[in-house]
Amino acid sequence: MKNKLGYSALIGLHIIFGGLVYFNENLGKLYFIIALFYFLQKIIKASNSKKSLYVLIGCAYFVGAEILFRMTKSSLAYEASKYIVILFSLMGMFYKGISSRAYPYFIFLICLVPSIFVASMLISYEANFRKNVLFVLSGPICLGMASLFCYEKKISRKQLDDVLLYVILPLVSLTTYLFLYTPSIKEVLTGTGSNPATSGGFGPNQVATVLGLGMFLIGARLFVRSSKLGIKVLNITIFVAMSFRAVVTFSRGGVITGLLCIAVFLVSYFFQSSWVIRGKLLKQLVLFMAVITITWVISSNQTMGLIDKRYANENALGEEKADVSTGRLTLFMEEIEGFIKSPFLGIGASGAKEERIREGEVGLTSHNEVSRILGEHGMMGIIILGILIFAPLIYRSQNKRNYYFYAFLCFWFATINHSSMRIAAPGFIYALALLNVTNEKYNLYRKPVIGKE
């Protein structure tokens, strides 16, 4: 895969994309269509040896761009990025086949089916059956299809870094859009609750989730792909910008997940590296901690200390809030009660939301995929969770070359516990843990995939 643009140029281009979409949101629709057809033709025209790489890069790009497209209403459908990941994965399976060892994910997908039949009997006539069921199942289906494609697909470490870059690039556009949308944080502060005004007018939870992913990926890139001073400064700038915008959404889950994934990645990378690299990592870690500290100080200053109270679980007056989960524990327990009530087949896809409506409550959707899977799928939910947790760990016991493995699983598990699977990111990042990462094969002359950094 050849690309005439270098790393810095690609970053600059996506800063421009973010600005253009902000000043004319109609350009967002053009951006979406061009990106879709660009990656479609790349996958179709790619040589057989590059098919898998282009499929992964296409999926990665729409995973990174999903929230920008949603908040600007640029995509063809609200769940478009999930559908595109499924489409690209199917194309990849058509061209490159499926590993015979990927059968657990066939079982996983089959286990989702009974909840549809249960839902058809329990969801009220007034509810939009197709919309409600697809909303809760699109995320798991996206994960299942991406996992089927990724299982044991060979990819070099350099190529994996390039795939992750294509997640980062549209997140740079999103960050640019957010700075233009709310240049002054102090003017829109209302308290210590999640703030849509600082999140591009969109859901703070989803914005913080993808920016937390960006923090993780650009943070990891600082340690493994930033040898030159100029690139290091650029990546530090991107990290600070993304982290700041994630923090000021006042949604904590995405930020904590991003930092946790960086920590997991560094531990894994440290123990898989030589002593020489370990020494360099420790030196870089000191700089990185300083960057995090500076970012927090800036965030605290711009929010006039309210962000400190948010993370201390206090309101604007400094009084401790009664519920640190902001109501999510109640939803969690209601779904566990659904499992106890119907332990065999569950209460059906979207059944938890439907039950809340029948009881006269607001039809809130769950933030926790674990309780939702148990409540809505019953015994099938236990099988689903067993596959999702143990299948990658068994694979890891046979292939330990992917130093992102535990960080990828960490992102998936932490995200589904605070944001469910509302977006494509957790499913796709989970699937990347199943890749067969190979060591680089150096030739006398080797053209870079993306461009030297």
Please indicate whether Tyr311 has more than 12 foreign heavy atoms, meaning atoms of other residues, nucleotides or ligands, lying under 6.0 Å from its OH.
-> yes
Would Tyr78 and Glu66 count as having a side-chain donor-acceptor pair, cut-off 3.5 Å?
-> no
Modelled atom types, side-chain donor and acceptor of Arg70 and Gln206, under 3.5 Å = yes
Please determine, by modelled atom types, if Glu369 and Ser420 share a side-chain donor-acceptor pair under 3.5 angstrom.
-> yes
May I ask you to check whether over 12 heavy atoms, not counting those of Met93, lie within 6.0 Å of atom CE?
-> yes
Establish, from distance only, whether the side-chain atoms of Asn205 and Ser419 form a donor-acceptor pair under 3.5 Å.
-> yes
If you draw the axis of the six-membered ring of Phe250, does the NZ or CZ of Arg310 fall within 45° of it and under 6.0 Å from the ring centre?
-> no
Please say whether more than 12 non-hydrogen atoms of neighbouring residues, nucleotides or ligands are located less than 6.0 Å from CZ in Arg101.
-> no
Using only heavy-atom distances, determine whether the side chains of Arg401 and Asn436 contain a donor-acceptor pair under 3.5 Å.
-> yes
Cation-pi check, Lys51 onto Tyr54 ring (under 6.0 Å, within 45° of axis) = no
So Leu68 and Tyr31, side chain to side chain contact (heavy atoms under 4.5 Å, CB included) or not? Walk me through it.
-> CA-CA 11 Å; Leu68 179 62; Tyr31 178 17; 4.1 Å; yes
When you look at Ser138 and Lys82, which way does the side-chain hydrogen bond (donor to acceptor under 3.5 Å, both in side chains) test go after all the steps?
-> CA-CA 7 Å; Ser138 59; Lys82 291 179 186 176; 3.2 Å; yes
Say whether Asn402 and Tyr395, considering side chains only, have a donor N or O and an acceptor N or O under 3.5 Å apart.
-> no
